[in-house]
Amino acid sequence: MNTYSPIGMLDSGAGGLSVLREAVSLLPHESFLFYGDQGNAPYGTKSKQEVLALVRRAVGRLMDADVKAIVLACNTATAEAALELRQELSLPVIGMEPALKPASMCYHGGTILVLATPGTLSSAKYAALSSHWGEHAVSVPCPGLMEFVERGELDSPALSAYLERLLAPYRSEQVDAAVLGCTHYVFLKRQISRFFPQGTPVLDGNAGTVRQLKRVLGERGLLNPGPEKGKVLIESSGNAENLRVLEKLFRQNLAMQ
Ligand code: DGL
């Protein structure tokens with residue numbers, strides 16, 4: 001492993017591509033190996049022990065490719081496995097958490113909605129975060145929402161109906177900010193924002209995670225000096241159709257930049 005080695009990034013599926021997008025733009029000389037564990041998705045409705053075992057397995061695959069750092073581009077994987085991985089591995093492990101801290105700065109007497117997986121919201125890690133920044137936060141678990149993104153279904157009547165059921169109860173409330181606490185939901189930001197008055201901040205943790213990645217690589221002397229542009233490789237534990245969705249979303253995603 002050296003400064004030219006790729007950075008390993010993983011998620012249960014397509015959500016992590018929203019992090020990869022930011023990473024490619026902030027770190028253009030770095031190469032990335034993205035692993036979508038679609039064969040074992042979703043993570044967010046599994047137990048801590050199940051998620052930990054799956055993440056260890058995915059990390060094993062990335063380490064076989066001699067990556068120089070691991071990015072858990074998944075709030076659920078971070079909540080359930082980051083602590084253990086940091087104890088077990090000598091290479092940097094960068095994780096992410098719901099953007100509750102920046103959201104709490106938007107508080108104006110209303111509520112802060114935190115949309116995330118049941119696993120993230122019931123984790124000890126989230127309880128600790130929430131005890132600092134979550135005084136006005138309301139948890140909104142979204143089982144089944146990541147599956148829309150996995151199917152590449154970013155605009156459909158079924159998705160609108162799902163979001164309507166989920167968010168209609170908050171229409172009559174003052175929502176000061178909403179947090180997208182799952183990387184999949186970043187692909188649905190426009191559809192979710194529609195439920196709140198124009199200008200309501202809808203926040204995610206992607207940019208902060210990628211800045212942290214850059215900082216850690218710099219501190220460890222692991223930044224790729226360039227000058228070549230890095231490469232991106234995408235793998236999936238799922239089937240050919242799963243991989244096709246990943247590659248398509250990644251291309252669309254880059255085009256959106
Ligand atoms: N993308 C993941 C997250 O950020 C989890 C989705 C899932 O597998 O349930 O939490």
Side-chain angles (χ1 to χ4, degrees), residues 8-23 34-59 70-83 85 93-100 103 113-127 129-130 139-154 159 162-163 166 178-189 191-192 202-210 212-213 234-238 242-243 245-246 249-250 253:
M9 193 176 271
L10 73 90
D11 182 26
S12 58
L17 296 173
S18 65
V19 183
L20 183 60
R21 164 178 66 186
E22 303 258 357
F34 181 89
Y35 186 83
D37 197 7
Q38 293 168 301
N40 297 300
Y43 282 179
T45 48
K46 292 188 168 63
S47 70
K48 175 183 170 71
Q49 286 317 318
E50 284 173 302
V51 174
L52 184 55
L54 291 170
V55 173
R56 280 193 178 119
R57 209 177 128 263
V59 165
I70 302 280
V71 180
L72 302 173
C74 173
N75 293 266
T76 312
T78 305
E80 309 290 39
L83 201 70
L85 291 176
V93 176
I94 286 87
M96 55 198 312
E97 62 185 17
L100 199 48
L113 297 184
V114 184
L115 283 68
T117 67
T120 294
L121 292 170
S122 61
S123 68
K125 196 164 188 303
Y126 183 73
L129 178 73
S130 180
S139 291
V140 185
C142 311
L145 185 52
M146 68 80 85
E147 284 83 346
F148 285 95
V149 179
E150 286 299 313
R151 290 193 293 269
E153 195 181 326
L154 304 185
L159 173 63
Y162 179 105
L163 292 175
L166 191 77
V179 174
L180 304 178
C182 166
T183 51
H184 280 79
Y185 309 164
V186 177
F187 285 103
L188 305 174
K189 185 171 180 172
Q191 295 82 330
I192 290 170
V202 176
L203 307 169
D204 64 70
N206 288 4
T209 302
V210 172
Q212 173 69 359
L213 168 64
I234 297 179
E235 275 187 22
S236 171
S237 61
N242 292 147
L243 183 62
V245 170
L246 282 191
L249 269 176
F250 180 59
N253 210 354

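In listed order, ligands and their atoms are each counted from 1. Predicted, not measured: the structure shown is a model, and the values here were computed from it.
- Every residue was checked against the side-chain hydrogen bond (donor to acceptor under 3.5 Å, both in side chains) condition with Thr78, not counting sequence neighbours, and none meets it.
- Between the side chains of Ser47 and Glu50, a donor-acceptor pair is found at a separation under 3.5 Å.
- Of the N or O atoms in Thr117, none lie within a sub-3.5 Å distance of an N or O in ligand 1.
- Under the 3.5 Å distance criterion, the side-chain polar atoms of Tyr162 are matched with a main-chain donor or acceptor of Cys142.
- Per-residue contacts place Asp11 under 4.0 angstrom from the following atoms of ligand 1 (heavy atoms of the residue considered): 1 (N), 2 (C).
- Going from atom CG of Asn206 over to atom CG of Leu180 covers 9.0 Å, rounded to the nearest 0.5 Å.
- Some N or O of Ser12 is nearer than 3.5 Å to an N or O of ligand 1, by distance alone.
- For Gly44, a nitrogen or oxygen atom sits less than 3.5 Å from a nitrogen or oxygen atom of ligand 1, counting backbone and side chain alike.
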**Item:** Asp11/Tyr43 under side-chain hydrogen bond (donor to acceptor under 3.5 Å, both in side chains): CA gap, chis, key distance, verdict
**Value:** CA-CA 9 Å; Asp11 182 26; Tyr43 282 179; over 6 Å; no
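- Close approach of ligand 1 to Asn75 is summarised as follows: ligand atoms under 4.0 Å from at least one heavy atom of the residue are 3 (C), 4 (O), 10 (O).
- Contacts of Ser236 classified as side-chain hydrogen bond (donor to acceptor under 3.5 Å, both in side chains), with partners at least two apart in sequence or in another chain: Gln38.
- A side-chain donor-acceptor contact under 3.5 Å links Glu150 and His184.
- Evaluated by nearest non-hydrogen atom to atom 3 (C) of ligand 1, the leading choice among Gly16, Cys182, Ala73, Ala116 is Cys182.
- Residue contacts with ligand 1, taken as heavy atom pairs separated by less than 4.0 Å, involve Thr76 via backbone and side-chain atoms alike.
- At the shortest separation from atom 2 (C) of ligand 1 among protein heavy atoms lies Cys74 SG, 3.2 Å.
- For ligand 1, the atoms lying closer than 4.0 Å to a non-hydrogen atom of Tyr43 are 7 (C), 8 (O), 9 (O).
- When only interatomic distances are considered, the shortest N/O to N/O separation between Thr45 and ligand 1 does not fall below 3.5 Å.
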